[in-house]
Amino acid sequence: MSSEYKIEIRNLQVGFGKLMVIKNLNINIMSNCVTAVMGPSGCGKSTLIRTINRLNDLVPECHVKGQVLLDGRDIYDPSMDVVELRRRVGMVFQKPNPFPKSIYENIAFGPRIHGIAGGNSLDEIVERSLRAAALWDEVKDRLDAPALSLSGGQQQRLCIARALAVQPEVILLDEPCSALDPAATAKIESLMVSLKKDYTVIVVTHNMQQAARVSDFTAFLYLGELVEYGETRRVFENPSSKLTEDFITGRFG
Amino acid sequence: MEEARLLDKGLNELSDLLDEMAKIAEKTVSASIQAYLEGADIDLQVRQWSDTLINYNNQVGEKAVELIARYQPVANDLRTIRACMEISYNLSRFGRYAYDISTIHKTIGGRGEHGREVVSEMGERTMKMIKASIKAYKTRDARLAEEVSEEDKIVDQLYFKHLRDCVKNPPRDVEQLITDILTVRHLERIADHAVDLASSTLYMIKGQKISKWR
């Protein structure tokens, strides 16, 4: 395998019962880049990223064929430890979903389960994670406050910090800003770009301008197939597919 | 029936402005060449048209910025807006150089037989380039756009040949020399702007400019 690809997806097919959502999809995701996945509702965006941490396993009737390689190793191999996989591939969802606990406990939760690596104290992990998620300065004096007392944008950054606390390699974000106001969105967007220094970031978004702003590469999915994939600047300036052109210029979707 | 996009209304306005500018620009260059050949003074009229083009060019710039700010256009829409700004600028330059031509023999004087032939031929070819570049834009014709740069090579050859001729056999009348040289120089610049216009058209259609250009 080529080391510049963090994730290689080969001949992926995902269905729920008789419904095929992803049809024979191939894509290579670059390390330390932000990759945006866009497409109209129902095109398979969320299903695609949920195969990368095997979250679809939790859905009855879901069946997956093909290969998803993380650092060259198939994550669907029976020998794969799924709990460990989900530590390496963190996820943030559309609506912020902090635990009904304190700010501190939200971050400490994962490291407690997975164990604390590298001799760091829990306090250190909490501070480092909150700093990485650009939230530390806003909450450092009230770590014992309930996480649900934070604003929506702060809660979403808390969820990112919670994902970072277990030292993942890949961060999946599924519409992370769709419930946030423009100022909070701008903060999350800057955060996504700064995170790529240490992580591989994949973001599903309905917001084309967001994909254009934050991503290095853009994938366009339509009816479960990868229609276009390339450098974001090219995709938005001169897409090669008519379907992509029509979608991003608002002619359908 | 598909609902029209909000952006389309703005793009149509840009397109209308450019259509109007194209008409005036073509008329302005044609009139200034004709006036040179016939010795007519249309300085004031050409000045007015040129100012109108500059005014339209500003309107295109304002509209384009508004569309970018409001709609964050991408892909073909984005390329069209960039192309419209560039095409509008080139059309306004046609007008400005036409005004320069019309004003030369008024201020310097000395139009004579010396440059008549070359101005006539370069003028004809330049007009052909203007018409072709505008047609390529209006009909989204990539091949026609590329042909414009071929014609430009001939205009350049005529221009440099005339300069060499002037060095070898300068006319006695210095005023005539200056008027002729500046006139062919302006025509050569107009031809370059026609290539630039065609290049922007090509970018609008295909996402790339004319490769041999610059």
Side-chain angles (χ1 to χ4, degrees), chain A residues 34-41 43 45 177-178 180-183 185-186 188-190 192-193 203 205-222 226-253, chain B residues 1-15 18 63-87 89 136-137 139-143 145-146 196-214:
Chain A
V34 177
T35 300
V37 182
M38 59 176 191
S41 297
C43 70
K45 309 182 288 287
C177 302
S178 56
L180 305 181
D181 70 22
T185 297
I188 302 280
E189 288 181 356
S190 317
M192 282 191 258
V193 174
V203 56
T205 178
H206 265 120
N207 182 331
M208 241 101 56
Q209 275 71 40
Q210 178 167 81
R213 285 191 294 264
V214 303
S215 71
D216 302 292
F217 295 90
T218 296
F220 174 59
L221 259 62
Y222 185 68
L226 184 66
V227 172
E228 178 133 4
Y229 180 46
E231 281 187 62
T232 297
R233 153 108 201 234
R234 190 202 46 80
V235 171
F236 281 92
E237 186 185 359
N238 194 14
S240 51
S241 145
K242 173 86 167 59
L243 263 177
T244 316
E245 169 90 38
D246 286 350
F247 180 71
I248 64 177
T249 56
R251 288 186 168 85
F252 83 91
Chain B
M1 180 67 196
E2 203 181 324
E3 187 102 7
R5 301 175 309 155
L6 294 173
L7 172 62
D8 285 334
K9 189 170 167 280
L11 290 176
N12 288 337
E13 284 173 36
L14 274 184
S15 166
L18 256 57
K63 191 79 219 168
V65 167
E66 185 195 342
L67 296 182
I68 291 166
R70 275 181 187 268
Y71 305 111
Q72 295 98 49
V74 294
N76 182 33
D77 296 330
L78 181 62
R79 299 201 307 275
T80 298
I81 291 173
R82 177 179 166 188
C84 283
M85 292 171 84
E86 292 173 351
I87 289 170
Y89 171 72
Y137 157 70
T139 59
R140 309 298 200 249
D141 186 338
R143 234 180 73 184
E146 280 179 294
D196 218 8
L197 197 162
S199 188
S200 297
T201 296
L202 198 68
Y203 168 78
M204 178 176 76
I205 302 166
K206 289 173 129 183
Q208 64 204 25
K209 295 225 166 190
I210 291 174
S211 52
K212 284 168 266 179
W213 180 235
R214 286 188 184 146

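Numbered from 1 within each chain, the chains take letters A, B, ... in sequence-line order.
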Are the side chain of B:Q72 and the backbone N or O of A:Q209 linked by a donor-acceptor pair below 3.5 Å?
no
What residue, out of B:L78, B:L7, B:D77, has the most heavy-atom pairs lying under 4.5 Å from chain A?
B:D77
Short side-chain to backbone donor-acceptor contact, A:E245 and B:A75, under 3.5 Å:
no
Just wondering, are more than 12 heavy atoms of other shown residues or ligands nearer than 6.0 Å to CZ in A:R233?
no
Would you check if A:T249 and B:R5 make a side-chain contact, meaning some heavy-atom pair closer than 4.5 Å?
yes
Side chain, backbone, both or neither: which part of A:E237 has an atom under 4.5 Å from a heavy atom of chain B?
both
NZ of A:K242 to CG of B:N76: how many Å apart, nearest 0.5 Å?
9.5 Å
Between CG of A:N238 and CD1 of B:I205, what distance do you get to the nearest 0.5 Å?
12.0 Å
